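Predicted model only: the values in this text are computed from it and were never measured.
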Amino acid sequence: MAYFVILPLLLKSRNSTHIKQSWQPAVTTSEPGSEEEWKFDSFIPPKRGANKASSCPTKAMFSLCMVESEADEVNLHGVTSLGLKQALDFAYTGQILLEPGVIHDVLAAGSHLQLLELLSLCSHYLIEELNSFNYLDLYKLADLFNLTLLENAVIGFLVKHLSELLKSHPEEVLALPYCLLREVFKSDRLTSLSEEQIWQLAVRWLEHNCRYQYLDELLQYVRFGLMDVDTLHTVALTHPLVQASETATALINEALAYHQSVYAQPVWQTARTKPRFQSDTLYIIGGKKREVCKVKELRYFNPVDQENVHIAGIANWSELAPMPVGRSHHCVAVMGDFLFVAGGEVEHSTGRTCAVRTVCRYDPRTNSWAEIAPMKNCREHFVLGAVDEYLYAVGGRNELRQVLPTVERYCPKKNKWTFVQSFDRSLSCHAGYVVDGLLWISGRKRFTQFEVLTKYQNTVLN
């Protein structure tokens, strides 16, 4: 099926373009002081292969189902002849030369005619031109013509460069429209500022031109739970904005309550306590080295551009705070953005190694470790999985190298381990993974044989 577009015979106008339907030979008029008109005597199908460039709304405008199909005259308000020529050329050929001087005209024509391919092409062009001097103008264009791709690019640019923009162009940052600032504050990738600095920026923005009507909503996106307790107390006691707003006071109290319940934090996570990261992060923890029997190291992989990786010539692994005690053959699990490390083998001062029951928790917000309640059994070569609001430790070997059938569960709210239903066999060197609320156990070491997959259901644990 071919899409049909108008073939203009005169491409010249001032503010708006008039398209008249006529079935007589094409005529152009150009009287001094009058607006130009375009007349046409037929619909011309685009070349084969150009169909993707023209859209169904354009074709439908002149079909029997639209008002325009019966009208003697169709007005395209806000569309210039230059923009319409570019849009129609694109509809015919699928090609266009975009330049700064014509982009607004092309966007207006493409938006009016709903040439989605053209709008996408314009968005990509503008994204390539995005910089610290034009990001606000491009956001206004994206908002005007509903260019979601460009809008997201501007948000991403601000998230990445907010700290340097505050230093180089502070007045422009304070002039950001509310909708844009809100999306920046909502981003998990906003790491160029600390949460205290984000709070300070929110206050400056609200005080600039007295925008206090946005106070309650904007502060919802400040992650007070990521601030330390001393800072929270200072903010709560000294800042008039907090004292004058019930919502702000409630947010501060929520964050203080979160910090007071140290062990329960993994199950009390909300959008206001979630750590901000530039990207998903891969961690490696503990293990064995040739020169050191057990290691404490915690390292993470920081993704960077492939070009920079080639320049560096090495993988970009960085060190974080080490564990309190080195260990190997341990298990790890993630709950509520906290990393739990349980059991494993440690080396004693005598040089002897054996399984332990100790458990520690890593907090990525503060790059620190905390000891939590130890397990009931010493375990190594076992499985640790997070299901709902609990951790489950399954099987393994104890300090006497005995293989265990036992299963125990950790409750963060109580900071306590309790035994739950055991397996009907002992398990060691098995594998496990949590999917859809179920802990799946695969195999076990028994006379060098590995057995089939077993489903360990959460419903039988209560």
Side-chain angles (χ1 to χ4, degrees), residues 282-301 317 319-335 338-363 367-387 390-410 412 415-420 422-423 425-434 439-451 454 456:
L282 179 64
Y283 293 87
I284 56 173
I285 175 69
K288 294 173 103 174
K289 282 186 177 180
R290 291 180 181 176
E291 63 275 13
V292 180
C293 185
K294 313 295 178 187
V295 299
K296 304 178 181 181
E297 291 177 356
L298 171 64
R299 296 191 177 198
Y300 75 100
F301 180 73
W317 288 92
E319 289 194 22
L320 296 167
M323 283 188 296
V325 177
R327 64 182 82 202
S328 66
H329 305 96
H330 50 285
C331 284
V332 298
V334 175
M335 177 190 289
F338 288 85
L339 176 65
F340 291 83
V341 179
E345 282 188 354
V346 301
E347 183 175 8
H348 297 282
S349 57
T350 60
R352 177 175 174 269
T353 62
C354 67
V356 294
R357 68 186 73 207
T358 56
V359 185
C360 53
R361 187 189 77 183
Y362 176 74
D363 186 347
N367 187 30
S368 61
W369 290 89
E371 296 280 349
I372 65 171
M375 296 181 291
K376 298 289 186 182
N377 285 142
C378 296
R379 299 177 190 269
E380 61 174 346
H381 295 293
F382 66 108
V383 162
L384 185 70
V387 181
Y390 301 96
L391 292 178
Y392 293 93
V394 181
R397 298 187 310 190
N398 64 15
E399 70 277 19
L400 301 177
R401 301 291 194 267
Q402 297 170 329
V403 181
L404 304 171
T406 58
V407 180
E408 53 186 297
R409 178 174 73 181
Y410 174 70
N415 189 33
K416 182 180 180 181
W417 291 86
T418 55
F419 284 114
V420 291
S422 297
F423 266 84
R425 72 203 84 167
S426 298
L427 298 167
S428 176
C429 300
H430 48 296
Y433 197 75
V434 175
L439 177 58
W440 294 81
I441 303 298
S442 175
R444 61 171 176 151
K445 189 173 183 181
R446 182 185 183 190
F447 306 116
T448 71
Q449 302 270 336
F450 280 86
E451 298 185 352
T454 303
Y456 192 77

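Smallest separation of non-hydrogen atoms from Glu399 and Cys378: OE1-CB, 3.2 Å. Across every non-hydrogen atom of Ala386 and Ala333, the tightest pair is N-CB, 4.5 Å. Across every non-hydrogen atom of Tyr410 and Ala373, the tightest pair is CE1-CB, 4.4 Å. When every heavy atom of Met375 is checked against every heavy atom of Val359, the shortest pair comes out as CG-CG2, 3.8 Å. The two residues His430 and Val383 have their closest heavy-atom pair at CD2-CG2, 3.4 Å. A pairwise comparison of heavy atoms in Pro374 and Trp417 identifies O-CD1, 3.0 Å as the closest pair.
Remark: the backbone N or O of Glu380 is not paired with any side-chain donor or acceptor of Glu345 at under 3.5 angstrom. In this structure, the side chain of Arg357 engages the main chain of Lys376 through a donor-acceptor pair within 3.5 Å. In this structure, the side chain of Arg379 engages the main chain of Gly395 through a donor-acceptor pair within 3.5 Å. Not a single donor-acceptor pair under 3.5 Å links the side chain of His329 to the backbone N or O of Ala355. Listed for the Arg327 side chain is a donor-acceptor partner under 3.5 Å among the backbone atoms of Gly343.
Looking at heavy atoms from C-beta onward, Asn367 lies in side-chain contact with Tyr362 at the 4.5 angstrom threshold. Within the 4.5 Å cutoff, the side chain of Trp317 has heavy atoms near those of the Ile284 side chain. Side-chain contact between Phe382 and Val394: absent, with no pair of heavy atoms (C-beta onward) separated by less than 4.5 Å. With a 4.5 Å cut-off on side-chain heavy atoms, Phe423 and Thr406 do not count as touching. You'll find the side chain of Val325 stays beyond 4.5 Å of the side chain of Val356, heavy atoms only. Residues Cys360 and Glu371 are in side-chain contact: their nearest non-hydrogen atoms beyond the backbone lie under 4.5 Å apart.
Distance check, rounded to the nearest 0.5 Å: OH of Tyr300 to CG of Leu339 gives 14.5 Å. Atom CZ of Arg361 is separated from atom CZ of Phe340 by 5.5 Å, given to the nearest 0.5 angstrom. In this structure, CD in Glu408 is found 9.5 Å from CG in Leu384, a value given to the nearest 0.5 Å. From Thr358, atom OG1 reaches atom CE of Met323 across 9.5 Å, with rounding to the nearest 0.5 Å. Of the inter-residue distances, the one linking Ile285 atom CD1 with Cys331 atom SG reads 13.0 Å to the nearest 0.5 angstrom.
Considering Asn377, Val403, Leu404 as possible partners of Asn398, the one that fulfils the side chain to side chain contact (heavy atoms under 4.5 Å, CB included) test is Leu404.
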Next item on the list: For Val387 and Val434, run side chain to side chain contact (heavy atoms under 4.5 Å, CB included): C-alpha distance rounded to whole Å, both residues' side-chain angles, the deciding distance at 0.1 Å, then the answer.
Entry: CA-CA 7 Å; Val387 181; Val434 175; 3.8 Å; yes
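Around OH of Tyr433, the count of heavy atoms belonging to other residues, nucleotides or ligands within 6.0 Å does not exceed 12.
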